[in-house]
Amino acid sequence: MTLADLGDARRCERLVLKVGSALLVDDRGARRAWLAALVAEIAAARARGQQVIVVSSGAIALGARKLGLEKGGRGSLADAQAAAAVGQIALSGLWAELLEAHGLTAAQLLLTLEDLEDRRRYLNATATLGRLLDAGAVPVINENDSVATQEIRFGDNDRLAARVAQAARAGAVVLLSDVDGLYDRHPAEPGAKRLPLVRTITPEVRAMASPVSGSGMGSGGMISKLQAAEIAQLAGIALAIGNGHVEAPLARIAAGEGTLFLARRRAAARKAWLGGRLRLKGEIVVDAGAAAALGKGSSLLARGIVRVSGDFQRGDAVAIRDGAGQTLAHGLIEYDAGECTRLLGRHSSEHADILGYAPRSAIVHRDQLVLL
Ligand code: GLU
């Protein structure tokens, strides 16, 4: 996949387009003319045979203006939730009106993190998106900020867009931002160079990301964009970052002005969903022997576990990390937290004596495990 393929309906039949707050809203309110131009590009993509799903930020910023809240509505969670409730009406109205001008029907979906972390609700979202696209609508999605609680929310639409792309089985995600892509250092620093292509997100690549969003308006920043790219890569989906502050931003990205994160091998759909989980119920720290065995495709056995934390039940998703804190895998666990602690370091043949029963010899079976 290349940046040019993003505009090619045969190479990328389904595209998720994320639009950040700083593009949609300025001091005077919604940037209507800018959005109308972007919608014209979306309509052109549709005419080429591409299906487009929009993930739109801007509700908090718009609502905060209407309510007169300070700090763009991000001073407190209560402010953000109130602002989102007000701003979302205006935001979806605007999208609907501008899409309608091209004969396109908008469909609003407000999702919470849990809607995509719970397997059944995730599959439900998949079905709804598929039906909407087949019926010719343009889904316009945002986080349901007014009800999402502090601990369990995306908080940024970058990762939401990647999870939506996974649910929709999209070919690519485009994150429209206020920068041209990922730079090898802060873009304001002299000599900073844009990376046109990233194959793997290594620690060096991560170190290039500046932690704050340039505009101060959205909550994205480059770190959440890299996290989104990791989720997409694992799901076999390419992700591009490009500048929205230009005329015809999609055409400019397709002309090569952006950063493309290539898709990795496509993990099976269920494993990709598990790998992209953002909230995990517990953490299992393993020794070097177990880490090596996992890398070769083995199940996780109690013998190689050195520490267990979290309050999880059998069937919950947990992170498996090495001693240095690096996440090796996500998996669905076969025992609850108390049982894992009792089995830690012990051989599988001892499980029955320790617990009085031994339903599984592995703590996480390899079929329920995805390497990251
Ligand atoms: N969901 C937020 C909004 O609509 C934006 C989150 C973000 O900045 O990425 O305002």
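No experiment lies behind these values; they were computed from the predicted model shown. Counting convention: from 1, in listed order, for ligands and their atoms alike. Numbers here simply count residues along the sequence, with the first being 1.
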Determine, for Asp180 against Arg194, whether the closest basic-nitrogen to carboxylate-oxygen distance falls under 4.0 angstrom.
no
Asp145 versus ligand 1: do any nitrogen or oxygen atoms come within less than 3.5 Å of each other?
yes
Donor-acceptor under 3.5 Å (Glu41 side chain, Ala251 main chain):
yes
Give a yes or no answer on whether the side chain of Asp158 reaches the backbone of Ala228 with a donor-acceptor pair at less than 3.5 Å.
no
Which pairs with one or both residues in residues 324-335 pass side chain to side chain donor-acceptor pair (under 3.5 Å), sequence neighbours excluded?
Arg314-Glu334, Arg321-Thr327, Glu334-Arg360
Note: Arg159, heavy atoms under 4.0 Å from ligand 1, region reported as neither
Ligand-side contact atoms (ligand 1) for residue partner Gly155, heavy atom cut-off under 4.0 Å
6 (C)
Quick one: does Gly58 get within less than 4.0 Å of ligand 1, heavy atoms only?
yes
Heavy-atom distances under 4.0 Å decide this one: backbone, side chain, both or neither, for Ile60 against ligand 1?
both
Counting each atom of ligand 1 from 1 as listed, which ones have a heavy atom of Arg74 under 4.0 Å away?
5 (C), 8 (O), 10 (O)
Does an N or O from Ala61, backbone or side chain, lie closer than 3.5 Å to an N or O of ligand 1?
no
Measure from the side-chain N and O atoms of Asp336 to the backbone N and O of Phe312, and report whether any donor-acceptor pair falls under 3.5 Å.
no
Backbone N or O of Ala78 within a donor-acceptor pair of the Gln81 side chain at under 3.5 Å?
no
Would Gly73 count as a contact residue for ligand 1, given that I'm defining contact as a non-hydrogen atom of the residue lying under 4.0 Å from a ligand atom?
no
Give a yes or no on whether Tyr183 and Leu176 share a hydrophobic cluster (residues Ile, Leu, Val, Met, Phe, Trp, Tyr; joining criterion: side-chain heavy atoms under 4.5 Å apart).
no
Side chains of residues 365-372: which donor-acceptor pairs under 3.5 Å do they make with residues two or more places apart or in other chains?
unit_1: His365; atom_1: ND1; unit_2: Asp367; atom_2: N; d: 3.0
unit_1: Gln368; atom_1: OE1; unit_2: Arg270; atom_2: NH2; d: 3.0

I need the contact type for Asn157 against ligand 1. Using non-hydrogen atoms and a strict under-4.0 Å cut-off, is it side chain, backbone, both or neither?
both
Can you list the ligand 1 atoms lying under 4.0 Å from a non-hydrogen atom of Ser57?
4 (O), 5 (C), 7 (C), 9 (O)
Considering the heavy atoms of Ala59, write down every atom of ligand 1 situated less than 4.0 Å from one of them.
3 (C), 4 (O), 10 (O)
Under 3.5 Å, N or O to N or O, is Asp158 touching ligand 1 that way?
no
